[in-house]
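Working notes for the structure below.
Bear in mind the structure is a predicted one, so any value in this text is a computation, not a measurement. By convention here, the first residue in the shown sequence is residue 1.
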Amino acid sequence: MSKVGGKRKDYLNWDEYFMSLAKLTAGRSKDPNTQVGACIVSSDNRVLSCGYNGAPNNFPDSKFPWEREGNPLETKYMFVCHAEANAIDNFRGYKKEFEGARIYVDLFPCNECAKKIIQSGIKEVIYLSDKYKDTDGTIASKLMFDTCGVKYRCLDTSKNKDLRISLKPDVTVSYID
């Protein structure tokens, strides 16, 4: 039997790994104010899909209104696709694979995304921020999740790990505690 030990101790656990993928995916968002990413993972820890908040497919970014205030038709809110919805819609496999899956997302899902999450069969939401917790949309999301048996939890960030990735060849990933 081989000797056990000597392995790295600072490796990412599954939650940290998948949330890191969600955060990395958020980097694709062109929204100047809020970048959100989502990563859907099967019950056996396989990445099924990722998504970020942005314009619908074939809607040119140059024509997309990124404003937060003003006439509703001149703001992003009427047009933006949320990260969770994009992750669900981007999946090209059989939706049955979502049954029992988890979704990792920067921001607690709005009520519209909560409906899509429930309908898809995802059974757990892991999030980083619940900054809109007192809004009707988030309260509705939690009510729907509670009623439909979808668990949700904030990722434990007590270890305060920072992950730095370099796209330079021969540079390793570094962790800053």
Side-chain angles (χ1 to χ4, degrees), residues 12-31 33-57 59 64-66 68-69 72-73 75-161:
L12 297 173
N13 66 36
W14 286 120
D15 282 345
E16 293 165 338
Y17 173 67
F18 296 128
M19 189 60 77
S20 295
L21 288 176
K23 294 286 285 180
L24 185 63
T25 303
R28 287 283 308 140
S29 174
K30 295 180 180 81
D31 189 320
N33 300 295
T34 307
Q35 300 83 43
V36 179
C39 180
I40 302 173
V41 180
S42 68
S43 58
D44 63 348
N45 293 323
R46 288 182 305 113
V47 174
L48 297 174
S49 186
C50 292
Y52 56 89
N53 60 313
N57 291 338
F59 195 118
F64 193 84
W66 291 107
R68 295 174 75 172
E69 295 177 9
L73 291 175
T75 69
K76 65 183 179 177
Y77 300 109
M78 297 293 232
F79 305 98
V80 73
C81 296
H82 287 185
E84 305 92 325
N86 272 331
I88 291 168
D89 293 341
N90 288 340
F91 182 64
R92 296 295 182 235
Y94 295 103
K95 296 287 184 178
K96 189 158 183 63
E97 293 180 64
F98 281 169
E99 290 179 11
R102 302 182 309 277
I103 187 167
Y104 291 81
V105 65
D106 298 60
L107 194 56
F108 195 89
C110 73
N111 59 300
E112 292 300 318
C113 289
K115 290 186 259 188
K116 286 191 76 105
I117 288 166
I118 292 164
Q119 289 292 86
S120 74
I122 293 170
K123 288 299 181 192
E124 186 173 14
V125 175
I126 300 93
Y127 62 93
L128 282 179
S129 172
D130 194 5
K131 77 178 186 178
Y132 299 113
K133 66 183 172 193
D134 296 323
T135 65
D136 290 343
T138 300
I139 293 167
S141 294
K142 291 178 180 177
L143 177 61
M144 287 187 284
F145 286 155
D146 291 341
T147 303
C148 297
V150 175
K151 295 186 288 184
Y152 51 92
R153 62 184 165 90
C154 186
L155 181 69
D156 177 12
T157 57
S158 61
K159 294 179 187 172
N160 290 326
K161 252 183 203 169

Requested in this report: Supply the atom-to-atom distance Phe98 CZ to Ile103 CD1, rounded to the nearest 0.5 angstrom.
Outcome: 8.0 Å
Report task. Just jot down the salt bridge (Lys or Arg N to Asp or Glu O under 4.0 Å) partners of Asp146, sequence neighbours excluded, or say none. Result -> none
Query raised in the report: Can you list every side-chain hydrogen bond (donor to acceptor under 3.5 Å, both in side chains) pair that touches residues 117-127, not counting sequence neighbours?
Result: Glu124-Arg153
Query raised in the report: Is any side-chain heavy atom of Thr75 less than 4.5 Å from a side-chain heavy atom of Arg68?
Result: no
Query raised in the report: Going through the checks in order, is the side-chain contact (heavy atoms from CB on, under 4.5 Å) test met by Val36 and His82?
Result: CA-CA 8 Å; Val36 179; His82 287 185; over 6 Å; no
Query - CA sep, side-chain torsions, deciding dist, call: Met19, Thr157, side-chain contact (heavy atoms from CB on, under 4.5 Å) - result: CA-CA 11 Å; Met19 189 60 77; Thr157 57; over 6 Å; no
Report summary line: Value for CD1 (Ile40) from CG (Leu21), rounded to nearest 0.5 Å, stands at 12.5 Å
Query - Val125 and Phe145, any side-chain heavy atoms less than 4.5 Å apart - result: yes
Report task. Any chance you could measure Gln35, atom CD, to Arg28, atom CZ, to the nearest 0.5 Å? Result -> 12.5 Å
Query raised in the report: With a 4.5 Å heavy-atom cut-off, do Lys95 and Ile88 have their side chains touching?
Result: yes
Query raised in the report: About how many Å separate CG of Asp31 and CG of Asn53, when rounded to the nearest 0.5 Å?
Result: 5.5 Å
Requested in this report: Mind listing the closest non-hydrogen atom pair of Ser141 and Pro109 along with its distance?
Outcome: OG-O, 2.9 Å
**Report entry** Least distance between heavy atoms, Gly100 atom then Ser43 atom
**Finding:** O-CB, 3.9 Å
Report task. Could you list the residues that satisfy salt bridge (Lys or Arg N to Asp or Glu O under 4.0 Å) with Lys115, not counting sequence neighbours? Result -> Glu112
Requested in this report: Give a yes or no on this: more than 12 heavy atoms of other residues, nucleotides or ligands lie within 6.0 Å of atom CZ of Phe91.
Outcome: yes
Report task. Would you please name every residue forming a side chain to side chain contact (heavy atoms under 4.5 Å, CB included) with Thr138, sequence neighbours left out? Result -> Phe108, Asp130, Tyr132, Thr135, Lys142
Query raised in the report: Is the closest side-chain heavy-atom distance between Leu107 and Ser129 below 4.5 Å?
Result: yes
Query raised in the report: Which salt bridge (charged side-chain N to carboxylate O under 4.0 Å, His left out) pairs, counting each pair once, include a residue from residues 33-57, with sequence neighbours left out?
Result: Asp44-Arg46, Arg46-Glu97
Query raised in the report: Can you name the closest pair of heavy atoms from Lys133 and Ile139 and give their distance?
Result: O-CG1, 3.7 Å
Query raised in the report: So which heavy atom on Leu143 is nearest to which on Thr147, and how close?
Result: O-OG1, 2.8 Å
Query raised in the report: Closest heavy-atom contact between Cys113 and Ala85?
Result: SG-N, 4.1 Å
Requested in this report: Rounded to the nearest 0.5 Å, what's the gap from CZ on Phe18 to CG on Leu12? Could you check?
Outcome: 10.5 Å
Query raised in the report: How would you list all residue pairs meeting salt bridge (charged side-chain N to carboxylate O under 4.0 Å, His left out) that involve residues 77-93, not counting sequence neighbours?
Result: Asp89-Lys116
**Report entry** Contact check, side chains of Asn45 and Val41, non-hydrogen atoms, under 4.5 Å
**Finding:** yes
Query raised in the report: Do the ring planes of Phe64 and Phe59 sit parallel (below 30°), tilted (30 to 60°) or perpendicular (above 60°)?
Result: perpendicular
Query raised in the report: Closest approach of Ser29 and Thr34, non-hydrogen atoms and distance?
Result: OG-O, 3.8 Å
Query raised in the report: How far apart are the C-alpha atoms of Asp15 and Tyr104, what are their side-chain angles, what is the distance that settles it, and do they pass the side-chain contact (heavy atoms from CB on, under 4.5 Å) test?
Result: CA-CA 8 Å; Asp15 282 345; Tyr104 291 81; 2.5 Å; yes
**Report entry** Atom pair CG (Asn86) and CG (Asn57), whose distance is rounded to the nearest 0.5 Å
**Finding:** 7.0 Å
